[in-house]
Amino acid sequence: MSSTLIFLCAGSVLWLMGLHGLARLHHPIRRIMAINIMGSGTFMVMIALANRGEHSDPVLHALVVTGLVVAVSATAFALRLAVAISAHKSGKQQAPEPNE
Amino acid sequence: MLSLELLFDITLSVLLLILAGTALHVRHLYTGIVLFVAFGLLLAITWARLGAPDLALAEAAIGAGLTGVLLLAALARIGPEPPPRRPPARALSAGVLGVLVLILLIRAVLPLEQGPQPLPGLVSAHLDTSGVSHPVTAVLLNFRAWDTLLELVVLLLAVLGVRQLQPAGYKQAHAWTLLRAWSRILAPLSVIIAGYLLWRGSHAPGGAFQAGALLAAGIVLLRLAGLLPVLRWDDWPMRALVLMGIVVFLGIAAAGAWLGSGWLNYPPQWSGNLILLIEVAATLSIAASLSLLVIGEREELGT
Amino acid sequence: MTDLLAWLSGIALVFGCFFFVAGTLGLLRFPDVYSRLHAVTKADTLGLGLVVLGLSLRAESWHAIAIMFAVWLLVMASSTTACQLLARYQREQDRNPEQEDDDALP
Amino acid sequence: MTLALASLLIPLATALLLLFLRSRAGAWVIIASLLSLIVAGLALAEVVAHGTQTLAIGGWDTPLGIRFELNLLSALLLTFTALVHLLVAVYAERSRHSQTRDTDYWPLSCLLHGSLAALWLSRDLFNWYVTLELLGLVAVAMIIISGPKAYGPALRYLLLSLAASLCYLLGVALLYGRYGVLDIDLLATMIDANHTTRLALLLMTLGLMLKAALWPLHLWLPAAHASAPTAVSALLSALVVKGPLFILWMLWSRMAPVEVAQPAGLLFALAGIVALLAGGWAALRTPFLKTLVAYSTVAQLGYALLALGLLLRWQQTELSAALWLFVLAHGLAKVSMFLAAGEMQATLGSKRVSSLKGATQTMPIAMFAFAVAGGSLIGLPPSGGFVAKWVLLQPLLADPVHWPWALGVLLGTLASAAYVFRVVALAFDRADPNPPNYNPDAFAQWLALLPALVVWGMALYSEPLILWLTEVNR
């Protein structure tokens, strides 16, 4: 039992929780959060793998940095898309009313 | 028995799992988002614990900070809606399937506690010729620079994608005086820290992405406080900023291919300076793109 | 001397943690937004201050102490601002009760 | 290799230039894709003459760096991508109905071209992840050009595509944890059939199948492809779904251990047969024209899946040729079909198949393009689709044990014939033709016909094509 193993397992569970959430949840924001949790689980597996040896593995760290930027770009795009959908849905029913 | 370190690790992972679960399934969406931000911060601590300070910085800035702002902004405009409940039979079957997949996953990761790791050795062997002394930066901007270049294109595509959306009718709230005063102090600080992170990236944890994200956070804050004018894609300096990173990167790659040494192959005596140049351009591009993603509106973006 | 410092630092850390726990409990259990804010900002300011104090007593260089002090100052300033903004938002909500408040914590 | 890199760089640089100048001039894109096509053709000639070339990016050899490999298949796919992009760009520039006038379609299509070129050349598992994300984002960005009604399918596509990428990425992480390298050929030398490898392959395969809309993970495709602008639907069906398919083929035919690949091949082949039938049936039933064409993509991808499965099952490398011939023929035919369908739909003013009544009279050229492209999808000789099917059927007919598979192909052919004839028969019903809302645009219809003619022309070059594609598998 080592910390690598703990985080490998925790990462797998997180990934699965994200996948499950994506399949079961309906609200777009929740689904987007689920995908982010799935991503965090994947990154956790990668970083736990990087932490195995004497020195941590810089290649995996670099891959995760790339993955994080990809994740945040996609999240931002998805959220804006979700907002646009709800705006156009409510726009069909009544004139759009700025919230807040 | 259990050492203190293991106890800490176990507590951390259990907390993460609980936070993730409640963030997804809690009744109020707002609570879920707050918990999700907390999850991101705890994740940053986990990365630091696992010896990845670069990622801890990136996660805190990008994962927790910007994603949190994005989620809350989206919630304000979409509004919560009660999710319809699924019949319990399907929940049960999903649960059984989940446990099965989990067993497969755990069986697959168990042997990974030890494994061959040829790359870290190679990285440190070639670190001297890479032009920087921090291994993660060396991988990002030299050994696997092509990934990084494409990743900048991903960011650009997200900006372009948001640009295709038609206006959603959204008015920015009026900012209070205190917020304005506080952002006047914070924004310069974020610029200084971003510059420091960028400079530090060549020899220690830090680098273009962390710096860009921090810079973007400063810009977003100023914009929300109403201290910055609207960010328009239509202004050519904005477009130039967004595209600069890719142009500089591609330019250096193509010049290398043209002048002899090869695609993305930096001449050894210049590699340090070239990497710095790319990093500065990339930082500005990332900051501009992320700010457009978070606060750019179609009315402001489009024609 | 070192012993004394270690003891002092330990006490400060314990008290710091106590304030964090108390603040969290207050956040969860107090009835309205204002008292919750009171609890949580107190935790930030006092709890973090004590933790920083405790760690400073153990620090090896002035540099580290300066950084921790800067962290404390920044956190204090931002929590003050955030608290003020939240309280103000809540007061506006209280004045216009017709706007339904879906976002309140349960 | 320089030529291949140029073919990748030209569209990327054009996209950046267009974005900076805020230009929406299609002529630039046409010139750029023509240049890219010429350069890719030269690269293909070079590979034919001198064999496979590799490039270590940045001068760093694997496993440290990323490797590009230009073999016959990559060169062919580069050429194919540039050709399809060119054909679609000419149509989109000229037609009134492409729904891409004065939009960001132009820089986006260039970015799509560049991303695919990067995918064809790369041989690195993680680099493929980044190119997959590029493809997903660019596809979604292009779908939402057509306006708010496409937002729903686009969001669904985006979320599924992200989840699929993360499946793939977890698989890559497991493989890296087990073997410590990311280059596919290095992995192929080390890999053995253990539990981690199996699960990693399963995760990557599921992710890629979802992205390539292979049955049973295809449900997002019809809505997304049908709601996109016409030119975009053509690009999506012809190119985007082929990217993940390429990676899937690489993983299984080059890297996976034989004892895992053989049982998996059976599953792939069965899924392929089901895809042929289910996709064909859905195409036969749907009331909407573009949805019909989109379901036909699902069905046609079944052939590719079947070829991949049998290739793995019997370890017969000739079947790679069948797979890639299907991809090329289907891509060109589908471009023609989508362009013709979009042109007819816009001119006749209805999305329904029933509005095509008498279309041979009102829009004869577009209907002809649809029928010619459909002929290739059915596999009528001497079209590209026929060549592909012929290469696939040869080993199936050689041995009576394999005849059940041939029966599956036959049923699939019948299904595709059914949905093509459903449209064509309606179009020949000239008794009471549906009057067009606009004057039919003859030139745009000719442009829609062009790719279909190319796919029939493919048959003329079938011999070198088969020869090259048989060699690609090591």
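Computed over heavy atoms, backbone and side chain alike; hydrogens, waters and symmetry mates excluded. Lettering of chains follows the sequences in order, A, B, ..., and the numbering in each one begins at 1.
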Atom pair [atom1]/[atom2] of [X] and [Y] - distance to nearest 0.5 Å:
{"X": "A:Trp15", "Y": "D:Leu203", "atom1": "CH2", "atom2": "CG", "answer": "5.0 Å"}
{"X": "A:Met46", "Y": "D:Leu169", "atom1": "CE", "atom2": "CG", "answer": "5.0 Å"}
{"X": "D:Phe126", "Y": "A:Leu60", "atom1": "CZ", "atom2": "CG", "answer": "9.5 Å"}
{"X": "D:Leu158", "Y": "A:Arg31", "atom1": "CG", "atom2": "CZ", "answer": "11.0 Å"}

Report task. Mind ranking D:Leu159, D:Leu134, D:Ile144 by heavy-atom pairs under 4.5 Å with chain A and telling me who comes out on top? Result -> D:Leu159

Query - Top contributor to chain A contacts, counting heavy-atom pairs under 4.5 Å, from D:Ala173, D:Ser165, D:Gly177, D:Ala154 - result: D:Gly177

Query raised in the report: chain A heavy atoms under 4.5 Å from D:Val130: which part of the residue, side chain, backbone, both or neither?
Result: side chain

**Report entry** Atom of D:Leu155, atom of A:Ala78 and distance for their closest heavy-atom approach
**Finding:** CD1-O, 3.6 Å

Query raised in the report: With respect to chain D, which residue among A:Val45, A:Leu49, A:Ile35 yields the maximal number of heavy-atom pairs within a distance under 4.5 Å?
Result: A:Ile35

Requested in this report: With the side chain counted from C-beta on, respond yes when D:Val140 and A:Leu81 share a heavy-atom pair under 4.5 Å apart, and no when they do not.
Outcome: yes

Query raised in the report: Can you find a heavy atom in the side chain of A:Leu63 that is under 4.5 Å from one in the side chain of D:Tyr176?
Result: no

Query raised in the report: Side chain, backbone, both or neither: which part of A:Leu22 has a heavy atom under 4.5 Å from chain D?
Result: side chain

Query raised in the report: Checking side chain to side chain contact (heavy atoms under 4.5 Å, CB included) for the pair D:Tyr129/A:Thr66: CA distance, chi angles, key distance, verdict?
Result: CA-CA 10 Å; D:Tyr129 162 74; A:Thr66 308; 5.9 Å; no

